[in-house]
Amino acid sequence: MASNGQTFLPGVGRIIQCDACVTEGAEWLAAHDSRFADALKLTGPLPLRRKPDGFAELLSAIVSQQVSVASATAIWARMKDAKLTGPRNILRATDDDLRTAGLSRQKIRYARALAEAHIDFDALRDIPDAEVIARLVEVPGIGDWTAEIYAMFSLGRADVFAPGDLALQEAARLLFDLPARPQDRELRQMTEDWSPWRSVAARILWAYYRVAKDREGIR
């Protein structure tokens, strides 16, 4: 979150810090495309979804990769109970410790890689979206989806989207009456029309997915 309390950072853009920011973005999108207005009638007010930044939140995003929301929530709860949410404890833990918490062999490797990366999390707050994502994907186990989720929720970036997210793809198919679920590249092109509020568009689609499918699409 911007330390000076502003909702706009020079060279970075709009920062979502409070419910009013989400409401502003939702109103813009609803006026821009009536299908967003239709979705909002069903979803009601959107959640803020702001989270702290730092190691633990990025590790949590890795935990959430390619598993259900319920599974990710359960694994993360076990990791917190075992105090395995900081870089030192990750490096000190045995593979058995991490496996007991619920991490697969691959995610154990990713967790250790993140702990060894020594990311300057404070510096990420003040650089453009593309640079944030470029720096994060250098770490093994962090792909575009994880980096985009971190930028959206932990850094509050207003114009970031995660087109590889299956729930967003399915929600876009339903809301925009598409013949098939749009893949990453197609959905990314669609989102260009939703700038500068692509992160709020994502919130709308996740909320719409929850209503349409009766299941959560993001933790």
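We're numbering straight along the sequence, starting at 1.
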Trainee: Can we call the ring centroids of Trp145 and Phe161 under 6.0 Å apart?
Mentor: no
Trainee: Quick one: CG on Leu155 to CG on Asp129, what's the gap to the nearest 0.5 Å?
Mentor: 8.5 Å
Trainee: Is Glu131 salt-bridged to Arg135, going by a charged N under 4.0 Å from an acidic O?
Mentor: yes
Trainee: Test side-chain contact (heavy atoms from CB on, under 4.5 Å) on Ile119 and Leu114; report intermediate values, then the result.
Mentor: CA-CA 8 Å; Ile119 295 172; Leu114 177 61; 3.7 Å; yes
Trainee: Using only heavy-atom distances, determine whether the side chains of Trp197 and Asp159 contain a donor-acceptor pair under 3.5 Å.
Mentor: no
Trainee: Before you tell me yes or no, could you show the steps for Ile16 and Ser199 under side-chain contact (heavy atoms from CB on, under 4.5 Å), namely the whole-Å CA-CA distance, both residues' side-chain angles and the distance that decides it to 0.1 Å?
Mentor: CA-CA 9 Å; Ile16 294 175; Ser199 291; 4.2 Å; yes
Trainee: Calculate, to the nearest 0.5 Å, the distance between atoms CZ and CG belonging to Arg78 and Leu84 respectively.
Mentor: 11.5 Å
Trainee: If we ignore hydrogens and angles and just use 3.5 Å, is the side chain of Asn89 paired with the main-chain N or O of Lys83 as donor and acceptor?
Mentor: yes
Trainee: Do Leu178 and Tyr209 share a hydrophobic cluster (ILVMFWY, side-chain heavy atoms under 4.5 Å, transitive)?
Mentor: no
Trainee: Is the shortest side-chain heavy-atom distance between Leu136 and Val139 below 4.5 Å?
Mentor: no
Trainee: Can you tell me how far CD of Glu170 sits from OH of Tyr208, rounded to the nearest 0.5 angstrom?
Mentor: 10.0 Å
Trainee: Considering only NZ, NE, NH1 and NH2 on the basic side and carboxylate oxygens on the acidic side, decide whether Arg198 and Glu148 come within less than 4.0 Å.
Mentor: no
Trainee: Is it true that, when you exclude Asp120 itself, more than 12 heavy atoms of the residues, nucleotides or ligands shown sit nearer than 6.0 Å to its CG?
Mentor: yes
Trainee: Taking Val211 as the starting point, is it possible to reach Leu205 by hopping between hydrophobic residues whose side chains are less than 4.5 Å apart?
Mentor: yes
Trainee: Between Arg210 and Asp214, does any side-chain N to carboxylate O distance fall below 4.0 Å?
Mentor: no
Trainee: Can you tell me how far apart CE (Met190) and CG (Leu168) are? Round to the nearest 0.5 Å.
Mentor: 11.0 Å
Trainee: Keeping His32 on the side-chain end and Glu27 on the backbone end, is there a donor-acceptor pair under 3.5 Å?
Mentor: no
Trainee: Would you say Phe153 and Asp53 make side-chain contact, with heavy atoms under 4.5 Å?
Mentor: no
Trainee: Quick check against the 3.5 Å criterion: does Arg50 have a side-chain atom that pairs as donor or acceptor with the backbone of Cys18?
Mentor: no
Trainee: Enter the distance from Asp33:CG to Trp194:CH2 here, rounded to the nearest 0.5 Å.
Mentor: 8.0 Å
Trainee: Same hydrophobic cluster for Leu29 and Leu42, using side-chain heavy-atom links shorter than 4.5 Å among ILVMFWY?
Mentor: yes
Trainee: List the atom pairs, donor and acceptor, that lie under 3.5 Å between side-chain atoms in residues 60-69 and the rest of the protein, sequence neighbours left out.
Mentor:
{"residue": "Ser60", "atom": "OG", "partner": "Arg219", "partner atom": "NH2", "Å": "2.2"}
{"residue": "Ser64", "atom": "OG", "partner": "Ser60", "partner atom": "O", "Å": "3.1"}
{"residue": "Ser64", "atom": "OG", "partner": "Arg219", "partner atom": "NE", "Å": "3.4"}
{"residue": "Ser64", "atom": "OG", "partner": "Arg219", "partner atom": "NH2", "Å": "3.4"}
{"residue": "Gln65", "atom": "NE2", "partner": "Gly141", "partner atom": "O", "Å": "2.8"}
{"residue": "Gln65", "atom": "NE2", "partner": "Thr146", "partner atom": "OG1", "Å": "2.6"}
{"residue": "Ser68", "atom": "OG", "partner": "Ser71", "partner atom": "N", "Å": "3.1"}
{"residue": "Ser68", "atom": "OG", "partner": "Ser71", "partner atom": "OG", "Å": "3.0"}

Trainee: When Val132 is tested against each of Val137, Asp126, Ile127 for side chain to side chain contact (heavy atoms under 4.5 Å, CB included), which residue passes?
Mentor: Ile127
Trainee: Are Arg112 and Asp95 ion-paired here, with the side-chain N under 4.0 Å from a carboxylate O?
Mentor: yes
Trainee: For Trp206 and Glu216: C-alpha separation, side-chain torsions, deciding distance, then whether side-chain contact (heavy atoms from CB on, under 4.5 Å) applies.
Mentor: CA-CA 8 Å; Trp206 273 313; Glu216 293 291 344; over 6 Å; no
Trainee: Between atom CG of Asp184 and atom CG of Leu166, what is the distance when rounded to the nearest 0.5 Å?
Mentor: 10.5 Å
Trainee: Is the backbone N or O of Ala151 less than 3.5 Å from a side-chain atom of Ser154, with the two atoms forming a donor-acceptor pair by type?
Mentor: no
Trainee: For Glu186, is there an ion pair with Arg173 - N to carboxylate O distance below 4.0 angstrom?
Mentor: no
Trainee: Quick one: does Arg49's side chain get under 4.5 Å of Ile149's, heavy atoms only?
Mentor: no
Trainee: Determine whether Leu58 and Phe121 make a side-chain contact, defined as any pair of heavy atoms from C-beta on separated by less than 4.5 Å.
Mentor: yes
Trainee: Are Tyr150 and Leu124 packed together at the side-chain level, in the sense that at least one heavy-atom pair is separated by less than 4.5 angstrom?
Mentor: yes
Trainee: Just wondering, do Arg99 and Thr94 contact through their side chains at under 4.5 Å, heavy atoms?
Mentor: no
Trainee: Measure the shortest side-chain to side-chain distance between Arg14 and Cys21 over non-hydrogen atoms and say whether it is less than 4.5 angstrom.
Mentor: yes
Trainee: Decide side-chain contact (heavy atoms from CB on, under 4.5 Å) for Leu187 and Arg181; before the verdict, give the C-alpha distance in whole Å, the side-chain angles of both, and the deciding distance to 0.1 Å.
Mentor: CA-CA 9 Å; Leu187 186 52; Arg181 182 186 294 170; over 6 Å; no
Trainee: Could you check if a side-chain atom of Trp28 sits within less than 4.5 angstrom of a side-chain atom of Phe36, using non-hydrogen atoms only?
Mentor: no
